[in-house]
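Naming convention: chains lettered A, B, ... in sequence-line order (proteins, then strands); numbering from 1 in each chain.
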Amino acid sequence: MKRSPTVFEQSVYDLVSKIPTGKVVTYAAMARALDCGSAQAIGQALKRNPFAPEVPCHRVIKTDLTIGGYAGKTDGAKLKKKFSLLSGEGVEFDREGGLLDPLTVHDFK
DNA sequence: CGCAGATGGCTAG
DNA sequence: CTAGCCATCTGCG
């Protein structure tokens, strides 16, 4: 199923791909950077992620600075993996999925 | 604090 | 064009 990534999706992947290692972004931040105002669309684009491992969707968290979900789920063993990945990049989360350092959130502004 | 509704854009038919 | 989807967000009880 070849999906033709829309300009909107490409922008999302481009932003995610621009996230420096050891930092994360919130859906709202990307939506704001894209000037679309919808984090839902971002979530879908990331879930569809045609650019899979090239676009680290695990660096995208909710606006509440929480992990939110991953791989299309809000919980699961994948989340645990996410903790390890982010932790290895310098991003530490609480066992509840909350970001310990708010400075870890990248800013597209 | 918890749930339901509204939101904005994507995919499929 | 219409209907359903989603990893959300906001408001209300």
Side-chain angles (χ1 to χ4, degrees):
Chain A
M1 304 178 16
K2 296 175 186 175
R3 270 164 233 140
S4 302
T6 64
V7 191
F8 192 82
E9 285 180 72
Q10 289 181 53
S11 302
V12 177
Y13 308 134
D14 186 56
L15 284 169
V16 178
S17 172
K18 278 174 184 165
I19 302 172
T21 310
K23 288 207 168 173
V24 287
V25 215
T26 61
Y27 288 97
M30 296 180 33
R32 212 164 137 167
L34 298 174
D35 192 63
C36 79
S38 45
Q40 295 87 342
I42 309 286
Q44 269 201 331
L46 262 60
K47 180 188 157 200
R48 292 271 142 196
N49 203 342
F51 288 84
E54 297 185 57
V55 180
C57 39
H58 67 265
R59 279 189 198 159
V60 187
I61 61 175
K62 284 183 52 171
T63 318
D64 191 58
L65 302 182
T66 36
I67 295 230
Y70 184 61
K73 299 195 272 209
T74 51
D75 60 86
K78 308 235 170 162
L79 270 296
K80 199 160 62 178
K81 184 102 182 230
K82 196 164 175 179
F83 279 82
S84 273
L85 281 165
L86 293 169
S87 185
E89 294 181 8
V91 187
E92 300 177 79
F93 284 87
D94 185 80
R95 80 164 173 158
E96 295 179 65
L99 190 64
L100 292 176
D101 276 307
L103 303 174
T104 320
V105 182
H106 181 68
D107 216 355
F108 283 114
K109 116 174 108 58

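- Comparing A:Gln44 and A:Ala28 against DNA chain C, the residue whose closest nucleotide sits nearer the 5' end is A:Gln44.
- Separating the CD1 atom of A:Ile42 from the P atom of C:dC5 is a distance of 21 Å, rounded to the nearest angstrom.
- Pair assignment for B:dT7 gives none, since no Watson-Crick or G-U wobble pairing has each distance under 3.5 Å.
- Evaluated for a side-chain contact (heavy atoms from CB on, under 4.5 Å) with A:Arg59, the options A:Leu46, A:Thr21, A:Val91 yield exactly one hit, A:Thr21.
- One interatomic measurement links the two molecules: CG of A:Asn49 to P of C:dC5, which rounds to 22 Å at whole-angstrom precision.
- The interatomic distance linking A:Leu34 (CG) with C:dT8 (P) rounds to 17 Å, in whole Å.
- Among the protein residues, A:Tyr27 comes within range of the nucleic acid bases, having at least one heavy atom under 4.0 Å from a base atom.
- Figure legend. C:dA7 is base-paired to no nucleotide; pairs are counted as Watson-Crick or G-U wobble with both atom distances under 3.5 Å.
- Rounding to the nearest 0.5 angstrom, the gap separating the CG atom in A:Asp107 from the CZ atom in A:Arg32 is 8.0 Å.
- Ring geometry, A:His58 versus A:Tyr70: the interplanar angle exceeds 60°, so the pair is classed perpendicular (tilted spans 30 to 60°).
- In the set C:dA7, B:dC10, C:dT8, the nucleotide with an atom closest to the side chain of A:Ala39 is C:dT8.
- Here the P atom of nucleotide C:dT8 and the NZ atom of A:Lys47 are 11 Å apart, to the nearest Å.
- Taking atom CD of A:Glu96 as the reference point, atom P of B:dC1 lies 11 Å away to the nearest angstrom.
- You'll find that the side chain of A:Gln40 is closest to B:dT7, out of B:dT7, B:dG9, B:dT11.
- Neither OP1 nor OP2 of C:dA7 sits under 4.0 Å from any side-chain N or O of A:Thr74.
- A distance of 11.5 Å separates CG of A:Leu85 from CG of A:Leu79, quoted to the nearest 0.5 Å.
- For the pair A:Lys62 and C:dT8, the criterion of a side-chain N or O lying under 4.0 Å from OP1 or OP2 is met.
- Closest to the side chain of A:Glu9, out of C:dC6, B:dT11, C:dA7, is B:dT11.
- In this structure, the separation between CZ on A:Arg48 and CD on A:Glu9 is 9.0 Å, given to the nearest 0.5 Å.
- Whole-Å rounding puts the A:Arg32 CZ to C:dT8 P distance at 20 Å.
- Side-chain proximity of A:Leu46 to the nucleotides C:dT8, C:dA7, B:dC10 is greatest for C:dA7.
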